[in-house]
Peer 1: 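Attaching a single structure in structure tokens format; questions to follow.
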Amino acid sequence: MPSLEAVQLTKDYGSFTAVAGLNLSVHGTKCVGFLGPNGAGKTTTMKMFTGLIKASSGTALINGVDVQKDKKGALASCSALIETPEIYGSLTPKEALLMLCEIRGVPKVERNKRIDEALGQVKMTEWGNKKVGSFSKGMKQRVNVASTLLSDPQVIILDEPSTGLDPRGMSEVRSIVKSLKDRLVFMSSHLLAEVTEVCQEVALIDHGKLLVYDTIENVTSKFSGGGGDVQIGFLTAVDDKTRDMVAQISGVLSASKTNDRHLAVRFDPKSLAQDKLFEKVAALRVGAVTLEQTSGLEDAYLSLIKETL
Amino acid sequence: MTDASQPKAKVGSLSQVLTVTKYNFLNYFRARRFYVMLGIILLITLLITALVGYYRPISFLGVPGEPESTAVLGFYGAGWGGFVSLVVILSAAFFGGDAISGEFQNKTGYYLVPNPIRRSAIYVGKWIAALIASTLTLAIFAAILLANGLYYFPGNVPWEFAQSLAFAWVYLVAALSLTFAFSSLFKSSSISILMSVILLLFVFSVIDTVSASIVGIEPWFTITYGAGIVTSILTVPYPQHVVTQSLGSAFGGTNRTNARFQLTSYNATVPEGLEILIVYFIVMGLLGLWLFERKEFTS
């Protein structure tokens, strides 16, 4: 079973402690969102897991192998994308990926197939033989994402993988991460909607310390005030009257417009099931056509993180 | 891409070294700097070819009546010996000066390091790639000089030139270790390249002169002193190890016992020069690796 484990993991920069005795144990095949404000220690933690920096004390383990003692062994079944790496500008994506295939020991006969598949997944097939030096930041990041898919890793560490990508690119990265079954994905992001969409669990850190690690549902129910959150879509523009009618439904805690055709609705799941809520909204005959569950992760995040720095 | 549960076989470090070498050399070969270096070498050799062809200087072609064996050594001494150090230093600085610091400054290290590969394999692979690229430029310089030499002295290639070429390559190996050590020390590419060039071109030469002429100590601790064998070998007979010149005698003469000033210069013997260069290669190579192993990828 793939695993990531931090045991009393600490990183000091002089008198500043970036990560302070972090204890985190993630096991199994799933996607875990790694959240926290700027400077919380997310990237520092990920760097310690990938040998980019050394821990001041404590241990970082990948599949039970200590990264500091045996980096090569620990990363044999783990791929990582930390920050926004640059690739030698005069290499083509195919060459850059082939280099990693050779380093990671991908069998010779499979290399071209895997490179083509990875480039296909990030929609870079037609750029495979162009030099990376001429690429935009977003295109380079797509190649970087492709590089994490090459060797069938059991563990994938992604540090804000959609950085530098346009909205389509971000959506494609989300789809890729969602499609990564049978492995452990540990992904940091500031985009809570992204985390909600692709991850099953979240770990929240602040000031280098773990605040909470649990499923998104549990974190949301514990820290977001206990309400269920949905977004209801309408055929036509939503007016204030419609909003007030929805807000007055028994069990609805609040309703607010997110845009012309959508209402964000918070309800008490103990007194009102989600399907019943939609039935009641539909019964109002105000043109409701969709109901999409949203996470209360933002509320949970805001209740746990009081400062941004 | 489905078999994530399958245990991964470890790849041998030697194989990874060769991979890093291959792609770094490809990167060097396609990069502008390789052609800039090639341009500098062509410029130097073109100037030598044109000046010798037009002015036919006696320092290169000897004087009429002089034995050809002496004249041909003079040619290689002036043409090869006069510029080979510059070629070695520029090659080492161009290809080694930012080999490691560039991984930090340009963030290419973020692509390579978070993989199942030891930093030592990356370091050695990059070092070998830089050595191949530098050796290529040195070989091109030697080939053009040799072509010139064969034009003026057909069929006469002195054995001393072959020795000098071999020593120049050993100097290149040592200089690359030194530039790699600087490259590991600094995070800025331009600073590490600049420091390498300044040290090798000026600082060590000044130390050599001050140490020998003023303090009277043999500068056995500088790489440039050891590299003196590259040009000394082209002098027949080989220069004396210690040369003392007396200047400003109290009685107006140059009598050594009465001299007010004595200028001492040292010439490294071949074994001594090779020892110095090999020690630089090993010590600086290990120092650079030690620094790289400890250096952190911080933003």
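Residue numbering restarts at 1 for every chain, and letters A, B, ... go by the order of the sequence lines.
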Peer 1: Is there a side-chain contact between A/Arg104 and B/Pro116 (heavy atoms, below 4.5 Å)?
Peer 2: yes
Peer 1: Would you compute the distance between atom CG of A/Asp159 and atom OH of B/Tyr110 and round it to the nearest 0.5 angstrom?
Peer 2: 9.5 Å
Peer 1: Below 4.5 Å, heavy atoms only, C-beta onward: do B/Lys107 and A/Glu83 meet side chain to side chain?
Peer 2: yes
Peer 1: Contact part of A/Tyr13 toward chain B, heavy-atom cut-off under 4.5 Å: side chain, backbone, both or neither?
Peer 2: side chain
Peer 1: Select one option (side chain, backbone, both, neither) describing which atoms of A/Lys11 are under 4.5 Å from chain B's heavy atoms.
Peer 2: side chain
Peer 1: Starting at CD1 of A/Ile103, measure out to CG of B/Leu18 and round the result to the nearest 0.5 Å.
Peer 2: 11.5 Å
Peer 1: So, taking the atom named OG1 in B/Thr108 and the one named CD in A/Glu86, what distance separates them when rounded to the nearest 0.5 Å?
Peer 2: 8.0 Å
Peer 1: Hey, is the main chain of A/Lys131 close enough, under 3.5 Å, to the side chain of B/Arg30 for a donor-acceptor pair?
Peer 2: no
Peer 1: With respect to chain B, which residue among A/Thr50, A/Leu100, A/Thr84 yields the maximal number of heavy-atom pairs within a distance under 4.5 Å?
Peer 2: A/Leu100
Peer 1: Can you say whether B/Asn27 sits under 4.5 Å from chain A via the side chain, the backbone, both, or neither, judging by heavy atoms?
Peer 2: both
Peer 1: If the contact rule is any heavy atom under 4.5 Å from chain A, which residues of residues 282-296 of chain B qualify, in numerical order?
Peer 2: B/Glu293, B/Lys295, B/Glu296
Peer 1: Identify, with sequence neighbours excluded, every residue that meets side-chain hydrogen bond (donor to acceptor under 3.5 Å, both in side chains) alongside B/Ser91.
Peer 2: B/Thr137
Peer 1: Is it the side chain or the backbone of A/Leu81 that comes within 4.5 Å of chain B heavy atoms, both, or neither?
Peer 2: neither
Peer 1: Do A/Ser90 and B/Leu26 touch side chain to side chain, with heavy atoms closer than 4.5 Å?
Peer 2: no
Peer 1: Is any side-chain heavy atom of A/Glu102 closer than 4.5 Å to one of B/Val11?
Peer 2: no
Peer 1: One pair to check against side-chain contact (heavy atoms from CB on, under 4.5 Å): B/Tyr23 and A/Leu98. What are the steps and the verdict?
Peer 2: CA-CA 10 Å; B/Tyr23 289 97; A/Leu98 190 58; 3.3 Å; yes
Peer 1: Is there side-chain contact between A/Tyr88 and B/Asn24, with at least one heavy-atom pair below 4.5 Å?
Peer 2: yes
Peer 1: Quick one: closest heavy-atom pair of A/Lys47 and B/Thr298, and the distance?
Peer 2: NZ-CA, 3.8 Å
Peer 1: What's the spacing between B/Asn115 CG and A/Ser147 OG if we round to 0.5 Å?
Peer 2: 7.5 Å
Peer 1: Answer whether the closest heavy-atom distance between the side chains of A/Lys72 and B/Ile117 falls below 4.5 Å.
Peer 2: no
Peer 1: Tell me if a side-chain donor or acceptor on B/Tyr111 pairs with a main-chain N or O of A/Ala96 at a distance below 3.5 Å.
Peer 2: yes
